[in-house]
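The next block holds one structure in the form of structure tokens; read it before the comments.
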2 protein chains.
Amino acid sequence: MAPVIRTARERAREELTLEIKREARRQLADEGAQRLSLRAVARELGMASSALYRYFPSRDDLLTALIMDAYNALGERAEAAVAAAPADDPRERWRALCGSVRDWAKEHPHEYALLYGTPVPGYRAPEETVTAALRVILALLSVLRGAAHHLDLRTPVRPLRGALAEQAAGLVAVLTPEVSAGVLTRAVVAWTQLFGMISFELFGHLVGSFDPADEFFAHSVEEMADFVGLP
Amino acid sequence: MAPVIRTARERAREELTLEIKREARRQLADEGAQRLSLRAVARELGMASSALYRYFPSRDDLLTALIMDAYNALGERAEAAVAAAPADDPRERWRALCGSVRDWAKEHPHEYALLYGTPVPGYRAPEETVTAALRVILALLSVLRGAAHHLDLRTPVRPLRGALAEQAAGLVAVLTPEVSAGVLTRAVVAWTQLFGMISFELFGHLVGSFDPADEFFAHSVEEMADFVGLP
DNA sequence: CCGTTTCGAGAGCAGTGCTCTCGTTTCCGT
DNA sequence: ACGGAAACGAGAGCACTGCTCTCGAAACGG
């Protein structure tokens with residue numbers, strides 16, 4: 001696909017693009033997306049701000065590139081955590097996965113906020129972003145698939161009705177043929193709980209109740225593992 | 001406390017403060033917090049932008065005022081929903097409460113994002129905000145308190161350990177003496193799930209899976225009601 | 001009534017995203 | 001090898017932002 005032999009221009013362009021993103025990510029980590037300034041990035045790189053527009057047509061496009069990278073970084077981290085956990089211990093895999101997401105979020109709070117906080121106004125998710133964004137929930141589901149025949153639901157899943165049943169069935173067919181629609185739905189519930197909890201912790205909504213949240217986090221990960229029926 | 005007899009200046013000041021907030025809220029609802037502009041507010045009110053600083057010392061302070069109002073609006077809505085539901089049907093109260101939060105969020109997406117999205121950079125929560133922010137979780141707990149002696153936990157609560165046990169016991173003593181620490185912790189888990197789910201729906205993370213999310217929402221509210229042991 | 005405080009308006013500062021123009025450099029087909 | 005075309009970097013400039021300072025007018029209160 002991509003030409004193996006690249007002209008000097010192409011190489012320079014690629015390098016500069018990376019360097020712009022690198023500097024932008026630095027500013028993002030320092031000050032948050034709000035305060036990320038194209039002009040400051042250009043200044044730091046010793047170039048005119050107008051030159052930056054040769055590489056990213058707008059500030060939102062630069063942000064979108066950072067979002068892509070962040071989704072992939074988080075996704076890789078999550079997948080690696082699952083892979084590193086013992087294959088025959090689904091609960092440990094679940095724990096490792098949830099913990100890795102929280103760790104990444106605490107290490108990169110501004111990037112996390114960029115992904116799961118208020119969406120940037122002018123931004124609409126391009127195709128690529130969607131698949132990158134799915135990696136965490138897919139990892140959660142892969143853990144469930146691995147334990148599909150040993151699931152133990154202490155509280156039976158409520159029957160799915162109407163549109164929900166159809167949506168869940170559609171997803172099961174594509175993603176998790178080994179797992180029932182009810183369990184998949186519970187996994188999605190657990191997914192929303194996981195990110196809700198992390199967001200609350202990071203955004204300061206647990207101050208005064210369960211902050212510091214380490215033990216609360218660990219506990220609710222176990223509770224949600226029970227919830228989806230992990231042995 | 002407040003003087004009953006107010007001077008013309010005091011009345012004018014109060015009125016203008018309200019009007020500024022009103023216009024700011026209008027712009028917030030239209031364009032989001034990101035694009036809320038002091039100068040535009042002043043322009044719309046026919047005054048110089050510098051005059052606005054007599055009423056709010058900075059943009060962040062104006063935003064903080066809007067945050068306060070939004071927390072209270074959401075809190076009132078939630079409390080009203082609980083109050084309007086039959087007192088002898090805890091599950092219906094739970095449903096009404098969760099539904100009212102979601103409804104408010106969908107009606108005021110930008111205000112919701114202001115509360116539960118990425119925190120404003122320069123902003124730190126003043127004392128008042130904290131209590132206003134607690135109203136929803138307190139309402140959730142009040143539903144549980146009302147059903148404290150009829151709770152039915154299909155899956156037993158995992159034992160709380162270490163710091164978590166202490167945190168939960170402290171909260172129980174102050175908030176919900178009728179309810180066990182384990183159940184209170186589950187309520188907090190359900191709380192994070194509720195807002196995680198609403199945030200995901202509003203911020204577009206459910207697109208492609210459970211969007212539209214009406215039935216998924218209703219279903220998971222029931223599942224979480226089971227989770228906390230509501231009859 | 002008169003000094004003090006409060007207020008509104010205007011000018012101005014430093015910063016932003018973005019556009020346009022204008023030379024220069026690099027590429028690529030002939 | 002050359003010449004047209006495309007890509008590039010820099011600078012000036014526009015419209016906008018939050019915020020500060022100053023100055024004259026208005027309202028207050030002893």
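Chain naming here is simple, since letters A, B, ... match the order of the sequence lines and numbering starts at 1 in each.
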Starting at CG of B:Leu144, measure out to CZ of B:Arg186 and round the result to the nearest 0.5 Å.
-> 11.5 Å
Kindly confirm or rule out a cation-pi arrangement of A:Arg135 over A:Tyr71, judged by NZ or CZ under 6.0 Å from the six-membered ring centre and within 45° of its axis?
-> no
Interatomic distance where CG belongs to A:Asp60 and P belongs to C:dT16 [whole Å] | 16 Å
Of the nucleotides D:dC19, C:dC18, C:dA9, which has the atom closest to the A:Ser49 side chain?
-> C:dC18
Quick one: label A:Leu16 by what it contacts on the DNA or RNA (base, sugar-phosphate, nothing), any heavy atom closer than 4.0 Å.
-> sugar-phosphate
Between A:Tyr53 (OH) and D:dC8 (P), how many Å, whole number?
-> 17 Å
Taking the side chain of B:Ala40 as its heavy atoms from C-beta onward, which of D:dT17, C:dC18, D:dA10 lies nearest to it?
-> D:dT17
Proximal nucleotide (of D:dC16, C:dG17, D:dG18) relative to the B:Arg43 side chain | D:dC16
Output the distance between atom NE2 (A:His219) and atom CZ (A:Phe217), rounded to the nearest 0.5 Å.
-> 13.0 Å
Interatomic distance, CZ@B:Phe195 vs CD1@B:Ile137, rounded to 0.5 Å, equals 8.5 Å
Can any side-chain N or O of B:Thr192 pair as donor or acceptor with the backbone N or O of A:Gly196 at less than 3.5 Å?
-> no
Once you round it to whole Å, what is the distance between C1' of C:dT5 and CZ of B:Arg9?
-> 6 Å
When only distance counts, do a donor and an acceptor, one from the side chain of B:Ser50 and one from the base of C:dG10, lie under 3.5 Å apart?
-> yes
Remember a base hit wins even if backbone is also touched, and classify B:Leu36 as base, sugar-phosphate or nothing at under 4.0 Å, heavy atoms.
-> sugar-phosphate
B:Leu63 CG to D:dT17 P, in whole Å, measures 15 Å
Can you check the A:Leu45 CG to D:dA10 P distance for me, whole Å?
-> 11 Å
Quick one: label B:Arg39 by what it contacts on the DNA or RNA (base, sugar-phosphate, nothing), any heavy atom closer than 4.0 Å.
-> base
For the pair made of CZ in A:Arg54 and P in D:dA6, what is the distance, rounded to whole Å?
-> 14 Å
May I have the distance from A:Leu52 (atom CG) to D:dC8 (atom P), rounded to whole angstrom?
-> 13 Å
Check whether any side-chain N or O of B:Ser37 sits under 4.0 Å from OP1 or OP2 of D:dC16, and answer yes or no.
-> no
What integer distance in Å separates B:Asp61:CG from D:dC19:C1'?
-> 13 Å
Hey, is the side chain of B:Arg13 poking within less than 4.0 Å of OP1 or OP2 on C:dC7, counting only N and O atoms?
-> yes
Closest listed nucleotide, where the reference is the side chain of A:Tyr55 and the choices are D:dT17, D:dG29, D:dG9 = D:dG9
